[in-house]
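Inspection log for the structure reproduced underneath, given as structure tokens.
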Amino acid sequence: MSDRYEAQEIEARWQKQWEVAAIDAASDDPADSRETYYCLVMFPYPSGNLHMGHVRNYCLGDAVARYKRMRGFNVLHPIGWDAFGLPAENAAIKHHRPPAEWTYGNIDQMRAQLKRLGLSYDWSREIATCRPEYYRWEQWLFTRLMEKGLAYQQNAEVNWCDPCHTVLANEQVVDGVCWRCDTPVVRKNLKQWFIRITAYAEELLSDLDKLTGWPEKVVGMQRNWIGRSTGAEVSFGLENSDATLDIFTTRPDTLMGVTYMAVAAGHPLAQQAATSNPALAAFLDECSRISTKEADVETMEKKGMALGVNAIHPITGALVPVWVANFVLMGYGTGAVMSVPAHDERDHAFAKKYGLPIRQVIAPHAGDWDIDAAAFTEVGKLIDSGAFDGLPSDEAKVAITNWLAENEKGAERVQYRLRDWLVSRQRYWGAPIPVIHCHDCGAVAVPDEQLPVVLPTDLQPTGGASPLTECDAFRHTSCPRCGKPAERELDTFDTFMESSWYMNRYTSPRNGEAMVDADAMKRWAPVDQYIGGVEHAVLHLLYARFYHKLMRDAGLFDGEVVGSEPFRNLLTQGMVLKDGTKMSKSKGNTVDPKAIIEEFGADTARLFTLFAAPPEKELEWNDAGVEGASRFLKRVWRLLEKLDAASDTADGDVKALRFSIHATIRKVTHAFEQGFAFNVAIAALMELTNSLHSFNPACEAGKAAYREGVEALATMLAPFVPHFACELGERLGMAKMAVVTDWPAVDESALEQNEIMLVVQIQGKKRGEITVPKDAGQDVAMAAARADAAIARWLDGMQVVKVILVPGRLLNIVVKPA
RNA sequence: GCCGGGAUGGUGGAAUUGGUAGACACAAGGGACUUAAAAUCCCUCGGUAGCAAUACUGUACGGGUUCGAGUCCCGUUCCCGGUACCA
């Protein structure tokens, strides 16, 4: 056994031992009485190479999982592969290898990299979403949703990404460009599959209140995304027509102030008017072009044009002109709005620009308002509103909405920003949508006994249309209902479908009977701690919450027991930066985890990523910092030298050392229980190391305390640097491997002090320190303060006005000249 | 625009939630050991004044509350995320 710290050798040895001892497996044994804990990290896309963001994510998760095991929990800590997706197809085109081969090869590589890091996963539960045993259940659920009308096919204007050759969900369009390839999306009208997430909008919104273990920021982002607003739907008549112009407003109290209407360029009314008006047609064309150019939106001027059509006010019967305006969006509400320039800033600006009338119908509760200068957008009191005059806004909203309802010209209405989830993709490397199109029966769900619809894995993508479109063996089938020749659906699922339920599948990953096992769900779900990047705050986390509810409603588990939310606590980790910016290949500022592990070992890499920043903040990569982490481990290692060394010098302060040991245990434990401030926990362990280094064990009590300290240190290091901790523990002669040793308990008696230090302040300024008996009262403390020369001089010639004693902390003396 | 979150030494970051500001580390400087280097160990390290003990000052800026404010309140500036021209 070498006396030097040889990371590579040590890490290989302990990884083998852990595997043999099977310490990372989650137990499904009903006789296991341990409390369960489910710690989950976001599974990776198998790109082939682990990057620092993964390393950070998985080191955080591993620290939590290992700590919980040491605390006696039966821990589920699984990993797998989000294995469908576009990069596999692109690689296939480039290297002329089938996507499956590329994907499975990458998985093997990345699995080896994860294992090299010493992460404590239950590898027996590993899943890959591209395997039919996995995606068949997603297909199964989809057919259930079709039965319930929650999955449907519809022609819709959708976001199309040319390079990706597919449609995108609204959530996948970020700032007008594709979330994956950054190219602007185009609007296209296509027949697509949707899942009715809007049917769950209310529950998705209200359940956000249950997520007390989530960062408020993420909850807020989801709340905004769902975008609930309450108001009224109002039906305006149209002059010389039986048709109506329906709008949604959150301010029905301002209805009497409507002076014109505005519709989106895509609104049927505008389209129709344009057929006989070339200038208008040109304007609509301009609007449709602008809307695709996202960069222009910010600077976009508010423009409009009259349609030459009049709407009829539902209450007054007055005629108001209908305009088309470039700021009205076809995709929200009804694509038309009522315009009240007096009480809406945008309408005000528009009215000023085009000389439209401004009619004030709300007055401030107090004071005057120059309605010509600016819109009054607050609530107030109704004026010039006929029967509604004098009502305050909130009452007027109800009164006007009721009037509309009674006269069948409107109703109260709740509007969401959330749109249904577009789940079909015109891609090859994805889960086939389990539908057969029959000439006579239409779109028919594939029956359970024919599931899974297996994706042929031997096709070669070319970059154009999906190769499935040319695969006759896949394409041609018979209708499950009438038996006549029929065609399979050739689109595949959005890959967010797979990642939306994997957390539940891990509870029974090999289950061939059902999507999940209800008992396993009861045992493990929901996830106690989920850890991953904040970039998934809306996309993945919203879909996963939705899916969990769908699974509950499909009767797959008991919602009363498991709950309606999949993740109890969420930790969103910050990005890993280099030179102040995100690491990326194109910037050439990446740091390869492999290189760090080869040079310093996995433990150093783990330690640095946990120590350099608090988990939720960005982590600036710093090579010197990595060396510092490595230096710390060597410094701990050298503590072994003093273990049995005979010393002829005097013993150190045993009591002070034991105080330091147990204060550290308390601090580190607290870090694990409260918010995972591992950077602070590790700093505390460094302090303990410094204390141990400056301690000189001579007598029996001193040696015992020293050993106690080093053992506690080895134990507490185990969640962070498990190989190192095990090796250290073994050399200390500890009974069990450090990673399975019980977490150390605080010895309260070691923290008791007979004498304590008090900071003494005069007028709130620190002037000295005194040592007093631990339960010293104000009089004793004052006497000690007066006895201290440095403090006494501040009291000289002064009259004590007030004394504040904070027990165990400080003594503040307020004085004034005598 | 709106909604979040921030601003603490040369740097990353601490501060038991109102009680010693700068823990721990990185960088820098000085010293010891060494033929030399590496490694290791010791010291200094917010600013100003001083040989020093020490004093004053200091947590983006301006006010306030309090015996006491990095922490609470009001206002301002800047930075970072998110987003919806959302009717």
Side-chain angles (χ1 to χ4, degrees), chain A residues 174-175 215-225 227-229 231-232 234 247-252 254 261-262 264 297-298 300 302 325-329 331-340 343-347 349-350 415-417 534-535 537-538 572 574-575 577 608 611-614 616-629 631-632 634-635 638 663 666-667 670 674 677 679-690 693-694 757-769 790 793 801-815:
Chain A
V174 180
D175 291 335
E216 277 179 43
K217 174 182 164 175
V218 175
V219 172
M221 282 164 73
Q222 294 221 351
R223 187 166 282 127
N224 278 343
W225 189 265
R228 182 186 203 266
S229 48
V234 187
I247 60 97
F248 170 75
T249 180
T250 54
R251 292 292 303 270
T254 66
M261 307 294 286
V297 167
E298 307 219 349
M300 191 172 78
K302 287 170 185 40
N326 62 355
F327 60 83
V328 180
L329 308 173
Y332 185 78
T334 59
V337 296
M338 65 179 206
S339 294
V340 187
H343 305 293
D344 181 281
E345 280 170 27
R346 204 183 36 208
D347 294 345
F350 193 84
Q415 176 73 33
Y416 297 94
R417 195 189 83 98
V534 71
E535 63 273 21
V538 176
T572 51
M575 280 190 303
L577 308 180
F608 173 75
F611 175 66
E616 62 283 355
K617 276 194 79 167
E618 291 172 338
L619 186 154
E620 174 71 29
W621 191 262
N622 175 359
D623 291 331
V626 179
E627 286 184 42
R631 205 177 303 147
F632 166 67
K634 289 180 192 153
R635 194 167 148 76
R638 283 197 302 276
R666 191 171 53 182
K667 242 188 216 177
H670 186 259
Q674 299 284 321
N679 56 327
V680 184
I682 292 168
L685 294 172
M686 287 174 169
E687 275 187 273
L688 177 58
T689 304
N690 293 342
H693 260 294
S694 51
M757 192 268 282
L758 280 184
V759 165
V760 180
Q761 295 182 336
I762 313 288
Q763 323 285 57
K765 284 193 181 186
K766 186 189 170 185
R767 296 301 181 193
E769 293 168 1
R793 60 187 257 251
V801 177
K802 192 174 179 183
V803 177
I804 295 111
L805 176 70
V806 182
R809 292 223 142 257
L810 62 74
L811 179 74
N812 188 15
I813 306 164
V814 186
V815 296

Length of the line joining [X]:[atom1] and [N]:[atom2], which is rounded to integer Å:
X: A:Glu345; N: B:C2; atom1: CD; atom2: C1'; answer: 11 Å
X: A:Lys617; N: B:G12; atom1: NZ; atom2: C1'; answer: 9 Å
X: A:Asp344; N: B:C86; atom1: CG; atom2: P; answer: 8 Å
X: A:Lys217; N: B:U83; atom1: NZ; atom2: C1'; answer: 13 Å
X: A:Arg417; N: B:G82; atom1: CZ; atom2: P; answer: 14 Å
X: A:Phe350; N: B:A87; atom1: CZ; atom2: P; answer: 18 Å
X: A:Ile813; N: B:G68; atom1: CD1; atom2: P; answer: 15 Å
X: A:Ile804; N: B:A69; atom1: CD1; atom2: P; answer: 12 Å

Pairwise side-chain contact, A:Asp344 with A:Arg251, heavy-atom cut-off 4.5 Å (strictly under): no
Check: A:Asn224 and A:Val538 side chains under 4.5 Å, non-hydrogen atoms: no
Please work out if [X] contacts a base, only the sugar-phosphate, or nothing of the nucleic acid, heavy-atom cut-off 4.0 Å.
X: A:Lys765; result: sugar-phosphate
X: A:Val759; result: base
X: A:Pro614; result: sugar-phosphate
X: A:Leu619; result: nothing

Contact under 4.0 Å: A:Arg767 side-chain N or O vs B:C56 OP1/OP2: yes
OP1 or OP2 of B:G19 under 4.0 Å from side-chain N/O of A:Asn812: no
Earlier contact from the 5' end, RNA chain B, for A:Arg223 and A:Glu618: A:Glu618
Closest-nucleotide ordering on RNA chain B, the 5'-leading residue of A:Arg251 and A:Glu769: A:Glu769
Gap between atom [atom2] of [Y] and atom [atom1] of [X] - 0.5 Å precision:
X: A:Met338; Y: A:Met261; atom1: CE; atom2: CE; answer: 8.0 Å
X: A:Leu811; Y: A:Arg767; atom1: CG; atom2: CZ; answer: 14.0 Å
X: A:Ile813; Y: A:Ile762; atom1: CD1; atom2: CD1; answer: 4.0 Å

A:Lys217 and A:Val534: CA distance, side-chain angles, deciding distance, side-chain contact (heavy atoms from CB on, under 4.5 Å) verdict: CA-CA 10 Å; A:Lys217 174 182 164 175; A:Val534 71; 4.1 Å; yes
Taking atom [atom1] in both [N] and [M], what distance in whole Å separates the two?
N: B:A23; M: B:U11; atom1: C1'; result: 16 Å
N: B:A69; M: B:G18; atom1: P; result: 14 Å
N: B:G12; M: B:A7; atom1: C1'; result: 15 Å
N: B:G13; M: B:U20; atom1: P; result: 23 Å
N: B:U77; M: B:A84; atom1: P; result: 26 Å
N: B:G9; M: B:U48; atom1: P; result: 15 Å
N: B:G22; M: B:U54; atom1: P; result: 15 Å
N: B:A37; M: B:C26; atom1: C1'; result: 23 Å

State which of [options] makes the closest approach to the side chain of [X].
X: A:Thr250; options: B:U54, B:A14, B:A87; result: B:A87
X: A:Val328; options: B:C67, B:A87, B:G82; result: B:A87
X: A:Leu810; options: B:G82, B:C67, B:G19; result: B:G19
X: A:Gln761; options: B:U40, B:G13, B:G19; result: B:G19
X: A:Lys802; options: B:C67, B:U20, B:C86; result: B:C67

Verdict with reasoning, A:Ile804 to A:Val814, per side-chain contact (heavy atoms from CB on, under 4.5 Å): CA-CA 8 Å; A:Ile804 295 111; A:Val814 186; 4.3 Å; yes
Partner residues of A:Tyr332 under the ring pair (Phe, Tyr, Trp, His ring centres under 6.0 Å) criterion, sequence neighbours left out: none
B:U35, syn or anti by chi within 90 degrees of zero: anti
Conformer about C1'-N of B:G9 - syn within 90° of 0, anti elsewhere: syn
A:Glu345 atom CD: more than 12 heavy-atom contacts under 6.0 Å: no
Sequence-aligned protein contact record of nucleotides 24-31 of chain B, with B where the base is within under 4.0 Å of a protein heavy atom and S where only the sugar-phosphate is: BSSS----
Criterion side-chain hydrogen bond (donor to acceptor under 3.5 Å, both in side chains) on A:Asn690 and A:Arg635, from CA distance to verdict: CA-CA 9 Å; A:Asn690 293 342; A:Arg635 194 167 148 76; 2.6 Å; yes
Contiguous Watson-Crick or G-U pair runs (3 or more, under 3.5 Å) in RNA chain B: B:1-7 with B:77-83, B:10-12 with B:24-26, B:28-32 with B:40-44, B:46-49 with B:54-57, B:60-64 with B:72-76
A:Phe611 vs A:Leu685, side-chain contact (heavy atoms from CB on, under 4.5 Å): CA-CA, chis, key distance, verdict: CA-CA 11 Å; A:Phe611 175 66; A:Leu685 294 172; over 6 Å; no
Centroid separation A:Phe350 to A:Phe327 less than 6.0 Å: yes
